[in-house]
Each structure stands twice: as structure tokens, then as C-alpha cells.
Amino acid sequence: MTTPPSPPTTPTVLVLDAEPLPRLGRLTGRARIEHADASTLAERLPHADVLLVWDFTSHAVREAWPGDGPRPRWVHTASAGVDHLMCPELAGSDTVVTNARGVFDRPIAEYVAALVLAMAKDLPTTLRLQGERTWRHRESLRVAGTRACVVGSGPIGRAIAQTLKALGITVALVGRTARPGVHGPGELDRLLARADWVVAAAPLTDDTRGMFDARRFGMMQPSARFVNVGRGRLVVEDDLAEALTRRWIAGAALDVLVHEPLAPDSPLWTVPDLIVSPHMSGDTVGWRDELGAQFVELFDSWAAGGPLANVVDKKRGYVPGH
């Protein structure tokens with residue numbers, strides 16, 4: 001945890017808006033709540049003490065932060081990833097950045113388990129055949145006794161590993177550094193070659209950008225299936241499409257993509273054995289209320305002069321210590 005500078009008596013909280021707006025009623029009388037969009041953010045940043053990046057799909061912070069005048073001393077993003085807002089000027093400043101660590105762990109783990117089961121039991125084909133009124137008996141895979149490699153050892157990766165283990169899957173967790181229960185990056189290739197399921201749940205950094213490319217897909221088993229719930233740019237999408245088309249691997253699922261929303265004319269829609277979902281793995285009923293409540297709890301600590309949780313290492317791009 002980090003103890004930020006003492007806040008002013010009535011701080012200004014600037015919200016980078018997205019619909020629906022966050023519920024910040026608990027801050028009434030304790031903070032001035034102002035709003036901005038991509039077109040007004042730059043002019044309003046110098047007057048804010050806190051920036052709440054509610055629109056976590058926007059790159060407006062990265063574009064607006066460089067410039068003249070003071071900047072907020074604390075930035076909170078309502079997302080796990082921070083790559084959408086980081087720029088050299090923010091990374092090099094004394095502004096504290098926090099994220100929404102803890103809100104998405106279990107929902108994303110459940111979603112990954114659902115994808116694993118759906119692919120193992122061939123549910124996409126079952127639904128397609130039902131729509132065609134076709135009765136075609138098939139055999140499906142048993143997941144118990146299979147192997148998974150989960151790349152990313154943060155809270156989300158650990159929750160995924162725990163959930164897959166509950167299904168009887170043997171899980172190898174890979175992180176930035178080796179430690180008890182976590183394999184280091186030097187072991188990744190060996191683990192990929194043995195895995196039935198490969199799950200990408202890593203943050204986007206210089207070390208992870210494009211890490212799943214033709215070489216990595218080529219070393220996986222022909223029966224392996226790949227899932228990305230981390231960041232879109234962890235994957236070289238053209239290489240994944242080729243790997244599926246050439247049957248280097250048996251299937252894949254992408255919940256995060258390089259360009260979102262995915263364009264209607266994108267070739268990814270028709271890649272064989274690829275499941276595409278609209279960045280929804282962590283979004284369960286009530287998730288926005290959880291994000292708003294989390295920010296208010298952090299604000300309470302900050303306003304009282306206490307430490308902030310979920311402080312991001314701006315050089316690494318994630319919350320350290322896991």
C-alpha cells in the first residue's frame with residue numbers, strides 16, 4: 001500500500017465518463033464531482049485532485065496527460081489493466097495509479113471454466129446442430145486429468161488456476177518470476193508443449209506483448225486449445241488464425257481483442273473453431289456497482305490520509321507483490 005499526499009478539504013474528483021455513470025452518492029458533500037469526455041479531459045485535468053477513469057476502454061488519458069499545468073495526484077481506473085492510460089509522462093510522475101484488482105477475479109475464472117467445458121463438450125456444435133434440427137451423436141472430451149498452463153500469476157490467474165483444479169485439471173501457473181507454486185517465464189515453452197489448455201491472463205507489458213505468436217502456437221499440441229482473457233495484444237491474431245486454419249491447435253477462444261469492438265468484416269468471425277466474445281468475461285450482473293463501491297472505499301482511505309490499496313507499479317504495468 002502507498003500513502004499519498006494529504007487531500008484538500010473538498011477535493012475535486014474528475015470522472016472520465018462512460019454510460020451508465022458511476023454511483024458516487026456517498027461522496028456528496030465530501031467531494032466535488034466533475035465529468036469529462038475525451039474532448040474535454042485535457043482542459044479539466046489541471047483542476048482535478050483525483051481522476052476516476054470510468055471509461056476504461058478509452059485512450060483519452062494517455063492523449064490528454066501530456067501538457068501544461070498540474071495533474072491529479074491520484075488516478076484510479078475501473079479495470080484490471082492499465083495499458084490504456086499509461087504514457088511516459090504519467091509513468092514518470094509522482095501521481096499514484098490504482099486499479100480495480102479484486103473485482104473481476106472470480107467472474108473471469110468462471111468464464112474460463114465455462115469456455116473450457118464448452119470446448120471439451122463441443123457445445124458450439126450442439127447449438128448449431130439444434131438450430132439445424134439435426135440429431136448427430138458425438139463423443140466429447142473429459143476434462144479431469146488434462147493439463148492446463150495459465151500464463152499470468154496475479155489474482156485473476158490464480159483464481160483461474162483454482163477453478164480449473166476444481167474440475168480435476170492439473171494446472172501450471174506461469175508468472176514474471178519463479179517462486180513456490182509459480183513457474184518462471186523460462187519454463188513457459190516446455191509447459192506449453194504439454195498443455196491441453198493454455199490460458200492467457202497476463203497484463204500487457206513490453207515483455208508480454210505478442211508473446212503468443214506463430215512460434216508459440218506451433219509448439220502446442222494439435223489437441224490443445226487456447227483462451228485469452230488477458231489483453232488483446234498478448235496475441236498475434238493473424239498467427240492464431242493461421243494456427244487454427246492449419247489445425248496446429250484444436251480450438252481457441254478470445255474474449256479480448258486487439259481492436260474492440262471487432263469490426264463486422266473482420267476475418268476473425270469466421271476462423272474455424274474460434275469462439276469470439278465481446279470482452280465480457282468479468283462483467284457479471286452488478287459489476288459496475290462493485291466498481292463504484294470499490295472506488296468509494298479507496299476514496300475513504302485516501303480522504304482520511306490512509307494508505308491506498310491496489311497501487312500499480314507504473315513501470316511494470318500491474319500491482320506488484322503477487
Side-chain angles (χ1 to χ4, degrees), residues 1-18 21-103 154-155 203-205 288 290-322:
M1 291 188 177
T2 297
T3 302
S6 298
T9 305
T10 307
T12 296
V13 175
L14 180 63
V15 182
L16 179 58
D17 287 344
L21 296 176
R23 297 183 180 181
L24 302 177
R26 285 172 52 190
L27 301 185
T28 301
R30 302 170 55 208
R32 288 186 294 272
I33 308 297
E34 298 184 357
H35 299 270
D37 58 21
S39 65
T40 60
L41 182 63
E43 67 182 77
R44 296 185 181 182
L45 274 177
H47 311 292
D49 301 294
V50 180
L51 173 63
L52 169 57
V53 185
W54 192 246
D55 184 0
F56 52 81
T57 66
S58 171
H59 294 117
V61 176
R62 183 191 301 168
E63 297 163 358
W65 195 272
D68 297 330
R71 291 291 184 264
R73 301 299 298 278
W74 170 32
V75 173
H76 177 77
T77 179
S79 61
V82 298
D83 52 282
H84 59 289
L85 57 86
M86 295 306 298
C87 61
E89 292 81 3
L90 175 54
S93 72
D94 59 1
T95 294
V96 176
V97 176
T98 58
N99 72 355
R101 182 187 189 201
V103 172
L204 181 63
T205 67
R288 291 183 179 87
E290 289 186 55
L291 289 172
Q294 181 188 55
F295 173 73
V296 171
E297 290 178 8
L298 289 171
F299 181 91
D300 289 343
S301 179
W302 177 76
L308 278 171
N310 292 7
V311 174
V312 173
D313 183 320
K314 293 183 290 183
K315 302 296 184 184
R316 297 182 182 179
Y318 55 87
V319 178
H322 48 66

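Taking every heavy atom of both residues into account, Ser301 and Pro307 meet most closely at OG-O, 2.5 Å. Shown here for Ala31 and Val13, the closest heavy-atom pair between the two residues is CB-CG2, 4.0 Å. Scanning all heavy atoms of the two residues, the minimum distance from Ala100 to Ala78 falls at CB-C, 3.9 Å. Minimum heavy-atom separation, Trp54 to Ala18: CD1-O, 3.3 Å. Of all non-hydrogen atoms in Ser39 and Glu43, the two that sit nearest each other are O-OE1, 4.5 Å.
Ion pairing between Arg73 and Asp94 holds under the 4.0 Å rule for side-chain N and carboxylate O.
One distance of note links CD1 of Ile33 with CG of Leu52; it measures 8.5 Å at 0.5 Å rounding. The line from CG of Leu308 to CH2 of Trp302 is 8.5 Å long, rounded to the nearest 0.5 Å. A distance of 6.0 Å separates OG1 in Thr10 from CZ in Arg32, rounded to the nearest 0.5 Å. We find the CZ-CZ distance between Arg288 and Arg23 to be 11.0 Å, quoted to the nearest 0.5 Å.
Taking the side chain as every heavy atom from C-beta outward, Asn310 and Gln294 approach each other to under 4.5 Å. The side-chain heavy atoms of Leu14 and Leu16, taken from C-beta on, include no pair separated by under 4.5 Å. With a 4.5 Å cut-off on side-chain heavy atoms, Arg26 and Asp300 count as touching. Inter-residue side-chain proximity for Val311 and Val319 is flagged as unmet; no heavy-atom pair is nearer than 4.5 Å. Two residues are said to be in side-chain contact when any heavy atoms from C-beta on lie closer than 4.5 Å; Pro72 and Leu45 meet this criterion. Within the 4.5 Å cutoff, the side chain of Phe295 has heavy atoms near those of the Leu27 side chain. Within the 4.5 Å cutoff, side-chain heavy atoms of Val61 are placed close to those of Leu41. Using a 4.5 Å cut-off on side-chain heavy atoms (C-beta onward), Val15 and Pro22 make contact.
The only option from Val312, Asn99, Val53 that meets the side-chain contact (heavy atoms from CB on, under 4.5 Å) definition with Leu85 turns out to be Val53.
Counted by atom type alone, Thr95 and Trp74 present zero donor-acceptor pairs between their side chains at under 3.5 Å. No side-chain donor-acceptor contact under 3.5 Å links Thr40 and His35.
Judged by distance alone, with hydrogens and angles left aside, the side-chain atoms of Asp49 form a donor-acceptor pair with the main-chain N or O of Thr12 at under 3.5 Å.
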Inset, instruction - Could you walk me through whether Tyr318 and Arg101 pass the side-chain contact (heavy atoms from CB on, under 4.5 Å) test, one step at a time? - result: CA-CA 9 Å; Tyr318 55 87; Arg101 182 187 189 201; over 6 Å; no
Legend entry - Working for side-chain contact (heavy atoms from CB on, under 4.5 Å), residues His84 and Thr77: CA-CA 10 Å; His84 59 289; Thr77 179; 3.1 Å; yes
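Pairs engaging residues 57-71 under the side-chain hydrogen bond (donor to acceptor under 3.5 Å, both in side chains) rule: Asp55-Thr57 [sequence neighbours left out].
Under the side chain to side chain contact (heavy atoms under 4.5 Å, CB included) criterion, Ala91 pairs with Met86, Lys314, sequence neighbours left out.
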